[in-house]
Amino acid sequence: MIPTGDATAILPTSSTAPITVIGTAAIRDTFDEVCLQQAINSRQAPGVTDVVLNPDAHLGYGAPVGCVMVSPTHIYPGPVGVDIKCSMSLLQLDLPADAIADRRTRREIISAICQRTPTGAGKGQRSVPKSRNVNRTLGRQLVVQGASADVCQQLGIPSEWADRCEDAFHLGHDDSAEALDIRLATLLEQRHMSNFSDKMAQLGSYGGGNHFGECEVVEVDDNRRAREVAETFGLRDGKVAFLSHCGSRGFGHNLASGQFNALQSKFSRWDIPLPAGDRQLVYAPLGTDEANAYLDDMALGANFATVNHLLINALVLEAFQEVIPGTTGSLVYFISHNIARKEIVNQRPAWVHRKGATRAFPGGHFELRDTPFAQTGHPILLPGNPRDGSAVMVADAGAEKSCYSVNHGAGRVLGRRHAKRVLDQAKIDSELDRRDILSNCRRYPKDEAPAAYKNFEEVLKSVKTAGLASEVARLKARFVIKDASGADD
DNA sequence: ATGTCC
């Protein structure tokens, strides 16, 4: 790796197709051989013009988690990821931090949230009002339309929240919703989609793994630009906010795995060479039936993820209102880190695959022209860990060198199995307790402990030093909602 | 990520 600045480097490849690396020297030391090999494989794959490796990069499916891969001619399901449109959202509440100082109040809110937005594998909605149950008809509508006015109205989602989405809806391969209707009808005849109604019932749930909901106190950075940007974002210093991380649940997983299986069997039947011999890097050239089917499935999964996040935010707001009547809230932003978007790169249209990477358009970017963030750039939501906090950032002009992308969080430094073996349960729990951070988990999952992730300050320093983005606010955790299955018995 | 292997 050849350093090109304090927090940037070039990773050369044998085909003279360099990879842009973002990260201080300390961060670059965290990239293991397999992760770098995945980046090289991705860069040398057919039709790929750019790869960016972000500071949170680690081993992924085909391509590293924490990378950007650009192609004007090909679509790659692996570098979108198994959880289509896994995303972050942030809900700003009008509550002062004092309102949740009392532990008992927080316990009540945790309980009200868990009743409405379940965690863990397979769990659909539990104690939600019947009006918010998602039947097959509404399910078919929402995966085709995304957060349309009608879908939001039916689910009790404030319609103005759609304006706070990176993408409130996704269209089919030909930029029509009809293509999604047709594709969905085909899918519903297939065996792996026979559980469609069950998957729709998962709307409004978090899932497991690194997915979470977290109650925060907002600390806006003490400088003029941060204060001005925070105002545009709708962030309120010293007030309570709620950060969520989840994706397209079982529905997105069905779509993604269906596509991997279909493409892998076609590669093998037609004896097409796999990029670097890796089945996880199967692709489809744009314009083929295979590419069209993938793009349609990605859009269907993305629409589910979008409505899932918005419903979660509506249910979380309702939970706060149950415990503290009169609470109001507004969505700051909803932004993905597992999606391919058609953007302009190097003056021409290309599919930007962000796999554990967040879009980062600075103020003045043409795609933001009709949004509330035209002047400032849009909010970038970066989960860190409950001990050190999470961050809200805004892109700077330098983001052009990373294909207008930044990292998506801290990034794993210990594999799950490794973390469960070496980390101490009592120490994890007492550290959170000492900081008065509560959780629905009796014991915090070891494989999700702060120590299982990279040093968040060093990751943020990489992003800032490389000139990609600036910090606007820090979010300090007050309680965490997670699936507990990674904790000791 | 995921009814933790269709």
Side-chain angles (χ1 to χ4, degrees), chain A residues 35 38 56-67 76-89 117-126 187-203 205-213 244-266 268 279-280 297-298 300-302 304-306 308-309 312 336-340 353-358 383 408-412 414-420 445-448 452-453 481-489:
Chain A
C35 170
Q38 285 190 327
D56 55 345
H58 57 93
L59 180 70
Y61 186 91
V65 174
C67 86
Y76 281 80
V80 168
V82 281
D83 187 6
I84 295 167
K85 208 181 180 186
C86 188
S87 310
M88 300 302 305
S89 61
T117 61
T119 61
K123 299 212 182 76
Q125 291 180 65
R126 287 183 295 209
L187 279 169
L188 290 175
E189 291 165 11
Q190 295 178 5
R191 195 141 54 104
H192 74 280
M193 269 299 155
S194 62
N195 52 15
F196 180 76
S197 297
D198 296 342
K199 296 306 174 208
M200 293 303 106
Q202 292 182 329
L203 198 81
S205 65
Y206 277 109
N210 59 5
H211 290 173
F212 68 88
S244 293
H245 176 209
C246 68
S248 48
R249 306 288 286 105
F251 181 60
H253 184 263
N254 266 7
L255 292 165
S257 57
Q259 282 291 340
F260 287 132
N261 291 335
L263 276 174
Q264 285 167 356
S265 68
K266 285 193 177 179
S268 126
R279 284 166 55 82
Q280 299 181 352
D297 285 7
M298 183 181 77
L300 291 165
F304 183 90
T306 303
N308 188 33
H309 258 267
I312 282 174
S336 181
H337 48 239
N338 275 15
I339 193 82
H353 304 70
R354 292 194 178 88
K355 158 90 166 252
T358 313
H408 80 309
R412 258 186 189 285
L414 298 180
R416 291 190 184 280
R417 194 171 301 182
H418 190 191
K420 282 184 193 175
K446 287 165 80 171
D447 52 349
E448 286 296 315
Y453 286 88
I481 309 278
K482 273 189 88 71
D483 174 32
S485 61
D488 278 348
D489 296 329

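Labels below follow one simple rule: chain letters A, B, ... track the order of the sequence lines, proteins then strands, and each chain is numbered from 1.
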**Q** May I have the distance from F260(A) (atom CZ) to dC5(B) (atom P), rounded to whole angstrom?
**A** 15 Å

**Q** Rounded to whole angstroms, how far apart are NZ on K85(A) and P on dT2(B)?
**A** 17 Å

**Q** Could you tell me whether G247(A) contacts a base, only the sugar-phosphate backbone, or nothing, with contacts defined as non-hydrogen atoms closer than 4.0 Å?
**A** nothing

**Q** Please report, rounded to the nearest Å, how far the P atom of dC5(B) is from the CG atom of N254(A).
**A** 15 Å

**Q** Output yes when at least one side-chain N/O atom of R191(A) is less than 4.0 Å from OP1 or OP2 of dC6(B), else no.
**A** no

**Q** Checking the side chain of T117(A) only, and the main-chain atoms of I312(A) only, is there a donor and an acceptor separated by less than 3.5 Å?
**A** no

**Q** For a quick check of understanding: with a heavy-atom distance under 4.0 Å over all strands, which category does G207(A) fall into, base, sugar-phosphate or nothing?
**A** sugar-phosphate

**Q** If I take atom CZ in residue R416(A) and atom C1' in nucleotide dT2(B), what distance separates them, rounded to the nearest angstrom?
**A** 11 Å

**Q** Please compare Y206(A) and S257(A) by the position of their nearest nucleotide in DNA chain B and report the one closer to 5'.
**A** Y206(A)

**Q** To check you understand the geometry: which heavy-atom pair defines the closest contact between R249(A) and D83(A), and what is its length?
**A** N-OD1, 4.0 Å

**Q** Whether the side chain of H211(A) engages the backbone of Y206(A) through a donor-acceptor N/O pair (distance < 3.5 Å, no angle test) should be reported.
**A** yes

**Q** For N261(A) and R249(A), find the nucleotide of DNA chain B closest to each by heavy atoms; which residue's nucleotide sits nearer the 5' end?
**A** R249(A)

**Q** Are H245(A) and H408(A) close enough that their ring centres sit under 6.0 Å apart?
**A** no

**Q** Is there a side-chain polar atom (N or O) of K199(A) under 4.0 Å from OP1 or OP2 of dG3(B)?
**A** yes

**Q** Calculate the interatomic distance between M200(A) atom CE and dG3(B) atom P; express it in whole Å.
**A** 12 Å

**Q** Rounded to whole Å, how long is the line connecting atom CE of M193(A) with atom P of dG3(B)?
**A** 12 Å

**Q** Measure CG/N195(A) against C1'/dC6(B) and give the value in whole Å, please.
**A** 11 Å

**Q** Measure from CG on D83(A) to P on dT4(B) and round the result to the nearest Å.
**A** 15 Å

**Q** Compare side-chain N and O positions of Q202(A) against OP1 and OP2 of dG3(B) and report whether any pair is under 4.0 Å apart.
**A** yes

**Q** Less than 4.0 Å between a side-chain N and a carboxylate O, is that true for E448(A) and K420(A)?
**A** no

**Q** Base, sugar-phosphate or nothing for N338(A)? Non-hydrogen atoms, less than 4.0 Å.
**A** nothing

**Q** Identify whether any heavy atom of G252(A) sits under 4.0 Å from a base atom; if not, whether one sits that close to sugar-phosphate; answer base, sugar-phosphate or nothing.
**A** nothing

